[in-house]
Amino acid sequence: MYKVLLIFSLVLFSFNNLHAQKPQKPTASEIYESIKKLNFLGSVLFIAAHPDDENTRLISHLANEVKARTAYISITRGDGGQNLIGTELGPLLGIIRSHELQEARKTDGGEQFFTRAIDFGFSKNPDETFSIWGKDDVLSDVVLAVRKFQPDIIINRFNHRTPGTTHGHHTASAILGVEAFDKAADKNAFTNQLTNHQPWQAKRLFFNTSWWFYGSQEAFDKADKSNLVALKTGTFYPSLGLSNGEIAALSRSKHQSQGFGNTGARGLDTEYLELLKGPMPSDPSNLFEGINTTWSRIEGGEAIGKILYQVERNFDFKNPAASIPQLVKAYQLLKKRTDYWGIQKTKEIKKIITSSSGLFLEAVAETQYTSPASEIKLSLEAINRSSTSMKLIEVIYNSKSLLKERKNLENNQRATIESTIVIPRNASYSSPYWMKQPASKGLFKVADLDLIGLPTINQNEPVYFKVSIEGEPFTFERDIIYKFNSPVTGEVYQPFQILPEVTGKINDKVLIFSEPKAQQVSVTIKAGKDNLSGIATLQHPEGWSTSAPQTFEMETKDEEKELIFTVTPPKNQSEGELNLLLQVGDSFYNQDIVTLNYDHIPFQHVLVPAKAKVARIELNIKGQNIGYIAGAGDEIPSALSQIGYQVTDINLESMTAENIKQFNAIIVGIRAYNVHDILRFRQDVLFDYVKNGGNLIMQYNVSRGLVTEQLAPFDLKLSRERVTDEDAKVTFINPNHPVLNSPNKITQKDFENWVQERGLYFANEWAEEFQPILRMNDPDEEAVEGALVIAQYGKGTIAYTGLSFFRQLPAGVSGAYRLFANLLSL
Ligand SMILES: [Zn+2]
């Protein structure tokens, strides 16, 4: 029966989020606000492309003022962006952003969905975007979200009629919104979804416009607004002590990995919505005009409404529990319903009963993670902090009872139960569901329609607490959590995870063989349980060889063991993968653990393949002593160390002409001129270094927000020009330039197998001292020459490059190493 309940709720788009941070403990005013929300039966779906695209002012207004069920579907998880708070990129960054968005929604009152589409990096137009995502697949996901969420109103963040004016993902998201509005209602579209979901026709489709889309405030002021709905969104909510704009800012500030900390504004504000489909409301402030959002919307709803409107009217701020008998009555009328609002409102009512009574239910594991088939201790707590009559009837894990006898939950008397559970042998590992299978370039692979759209899920079996409240049995689901006390921050909650009994990693993710001789490769194996032994094998690509398999033995969980293998490359250039295979008994494991440990999102271990890229590169280097000025963070230094360079971090505070003259070359890290104010006072030192024979290489900087205009001793202007096609043809403007010839002869072959893009923020204006080296362009665009410009200054050389070496070197791209080695030897 419990299993049935779980499946049922998943089908109906419930969100069993990985919400294992502190449990929410609403105040009386917040409970009152959720009762008002309980009495509003209407919903809005907001559509855009990335984490950060969403308009948090509008979402907060709809969720907190209108009280609509409000959700944001971000087409991607933002995997392709840059990370301001750590080194995670790609899918790992996508996990961080998925959680940041959920935290943002917890703040502004919305809910969060995604599609399977991958943020593969910048895209200049929607056609390119769709060709990489697979338009039908992503459209299917948006249609599915509409059919599951059944929004009355759909709002696009972007304009679907202006391709090319913004990121291709943006326009694509708007096109998907327009098409899904009709397709979701079409019973002949995406029929595979119709086994469990009904076609759904939303009433209105809007585009959330603003002056920005008109080019200027002036143009917007003059524009015809007869087709626009204007919403006043500056409401002050006394029960929360915040203005709408302040909530929106708090929500936006959750996007820490993008550096979107935001200071809220108070006072009146207006949001404009342009009607794209459906009837124009005659009251231009009411999106829901003509849509019944009261309890009479649903069959049998009047009787429920009669009870719940009274609960709202008679709410006692001093004693919210006084509403419980009435809430239980409404629950009895709702609990058997299988319609959309019946299920949604049942969930809301259960939450309100829990918070009104101070009912606290928790299942705490003795450890943060364990492996399948293991036994762990569980501490259960149940407490009712009201005079409502309650009895704990049953506690269930994996269909087994954990409760010896029923317990009366007397007012404010804590019931604790110590129990032992066995994790099912076939339990799946706790790791993001969309990363369990290899993805294509544009799309994660998820077959299960119940999962598609969910932000994150806790795949562990939860604990079910069955509590009789006022004689009515309720079942509450709680994820098992782990918690401990930190002397600094107090109580810390972490999700409880199920992980393999053994994991391992190849310690360097990319191994470069610049000479045809064997290298030692270090592997670390980690025990996920006590008394573990097995055999480790390093699998290699064709033409390569590795030393023999080795046995390992560990006594205690979390113990790590390092093994050294010898890897021999072929004589000529070759790229491939090493895979670590661990055998324990009859079971084979090939996964590595990455830990995400940030304060603003749930702590978690993530499973990734235990592999490394190997590349045999025919590479010559010259001038090994390199100074490095760290920018916003890149992995260039460790990549260079691997191929024999000595890289020293330069401290900008104490940098002098004297202490940098020893370097054969100095590299400026990505976005250094965006993040280090002090650099504008250090340019003279760097220019003198070049003048006296040094070699300065600046990696890309964002063209806006530079700390100095004087990037070089000569004019040099940056732009937003970029080439996003990683296979774009590259021509050599001056094939005889040393950077293309020495010590490595660069050919077209060196521009093969690049990842994500050629580069970004190219220079677009430069003094004649600078020589452009490469010419390239995206499909259907004019060629640009600012990807790499090099000038002589005094006895030295200064180069600016927008080529994305910061992506290519960590990815082990042979040609990028050869070209970078040439830059360093200028
Ligand atoms: Zn965006």
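Each ligand, and each atom within it, is numbered from 1 in the order the structure gives. Note that the structure is a prediction, hence the values are computed from the model and not measured.
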Audit row: Leu788, Met776, side chain to side chain contact (heavy atoms under 4.5 Å, CB included) steps and yes/no: CA-CA 11 Å; Leu788 174 59; Met776 60 186 79; over 6 Å; no

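- Figure legend: Lys203 and Phe288 shown without cation-pi pairing, the cationic atom not lying both under 6.0 angstrom from the six-membered ring centre and within 45 degrees of its axis.
- Of the candidates Val813, Ile636, Leu803, Ile636 is the only one forming a side-chain contact (heavy atoms from CB on, under 4.5 Å) with Phe820.
- To the nearest 10 degrees, the angle centred on the Zn ion (ligand 1) between NE2 in His170 and OD1 in Asp53 reads 100°.
- Taking 2.8 Å as the threshold, His169 does not count as a candidate ligand of the Zn ion (ligand 1), since none of its N, O or S atoms lies below it.
- Within His50, the N, O or S atom at minimum distance from the Zn ion (ligand 1) carries the name ND1.
- Counting only N and O atoms by type, the side chains of Ser257 and Arg97 include a donor and acceptor under 3.5 Å apart.
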